[in-house]
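Here it is: the structure, laid out below.
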Amino acid sequence: MPIHAYAAHQPHQPLEPFTYDPGSLGANEIEIEVTHCGLCHSDIHILDGDWGNHFPAVPGHEVVGLVRAVGDQVTDVKVGQRVGVGWQAGSCLQCEWCLSGQEQLCPKSVATCQGRFGGFADALRVDSRFAHPIPDALDSQNAAPIRSV
């Protein structure tokens with residue numbers, strides 16, 4: 001199923017409708033139906049090309065939504081669960097940093113919207129282990145799912 005998003009196709013250009021095919025869902029991936037997505041200055045740097053030429057660029061790394069599909073190895077979240085995703089969408093989970101709980105230092109860290117399509121879209125795919133449950137008491141529009149380390 002195609003994902004509909006908004007992307008900049010060149011630095012300093014406005015966001016325009018953009019559709020892409022995410023391919024098959026990976027074994028540890030989930031697809032999140034995005035209900036809320038924040039944009040911050042990091043997204044502006046990406047859209048301006050300050051951190052490399054990663055275009056088209058779909059911004060958004062402060063994402064809240066409902067899990068709508070899970071890979072066949074996913075055990076930590078369920079379809080229909082509300083989750084949040086911050087800057088990081090994956091890592092190797094095998095290096096010294098990952099094994100010590102410091103995945104953000106992994107040399108193979110995967111950013112949510114740097115060099116891949118972010119959450120300013122109707123859906124987002126990430127490694128399920130980087131999607132965090134949002135407590136019922138917290139409204140989605142107020143949730144900034146940035147994992148503290």
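Counting begins at 1 with the first residue of the sequence.
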**Request:** Check the hydrophobic clustering (I, L, V, M, F, W, Y; side-chain heavy atoms under 4.5 Å; chains of links allowed) and say if V79 and V77 are grouped together.
**Result:** yes

**Prompt:** Is the side chain of N28 donor-acceptor paired with the backbone N or O of D127 at a distance under 3.5 Å, no angle test?
**Reply:** no

**Message:** Return the OG to CD distance between S109 and Q114, rounded to the nearest 0.5 Å.
**Reply:** 11.0 Å

**Item:** Rounded distance (nearest 0.5 Å) linking atom OG of S91 with atom CZ of R129
**Value:** 8.0 Å

**Item:** Minimum-distance pair of heavy atoms, taken over all atoms of Q94 and C98
**Value:** N-CB, 3.7 Å

**Message:** Measuring only between side-chain heavy atoms, which start at C-beta, is R116 closer than 4.5 Å to L124?
**Reply:** yes

**Asked** Can you check whether C40's main-chain N or O pairs, donor with acceptor, with E62's side chain at less than 3.5 Å?
**Response** no

**Fill in**
dist F130:CZ -> Q88:CD (nearest 0.5 Å) comes out at 4.5 Å

Report, one line per pair, each donor and acceptor closer than 3.5 Å where one atom sits in a side chain of residues 65-75; sequence neighbours left out.
| from | atom 1 | to | atom 2 | distance (Å) |
| --- | --- | --- | --- | --- |
| R68 | NE | E31 | OE2 | 2.8 |
| R68 | NH2 | E31 | OE2 | 3.0 |

**Donor-acceptor under 3.5 Å (T112 side chain, W87 main chain)** = yes

**Complete:** CG (D43) and CG (D48) are apart, to the nearest 0.5 Å, by 11.0 Å

**Message:** A quick test of your reading: do over 12 heavy atoms of other residues, nucleotides or ligands sit less than 6.0 Å from CG of D50?
**Reply:** yes

**Message:** Going by the rule side chain to side chain contact (heavy atoms under 4.5 Å, CB included), which residues pair with K108 if we only count those two or more places apart in sequence or in a different chain?
**Reply:** C92, C106

**Prompt:** Is there a donor-acceptor pair closer than 3.5 Å between any side-chain N or O of R125 and the backbone N or O of G23?
**Reply:** yes

**Request:** Taking all non-hydrogen atoms of both residues into account, name the closest pair between H54 and A57 and its distance.
**Result:** O-CB, 3.3 Å

**Message:** My understanding is that a hydrophobic cluster links ILVMFWY residues whose side chain heavy atoms are under 4.5 Å apart, including indirect links. Using that, what else belongs to the cluster containing Y6?
**Reply:** I3, L15, F18, Y20, L39, L47, V58, F117, F120

**Check: I30 main-chain N/O paired with S128 side-chain donor or acceptor under 3.5 Å** = no

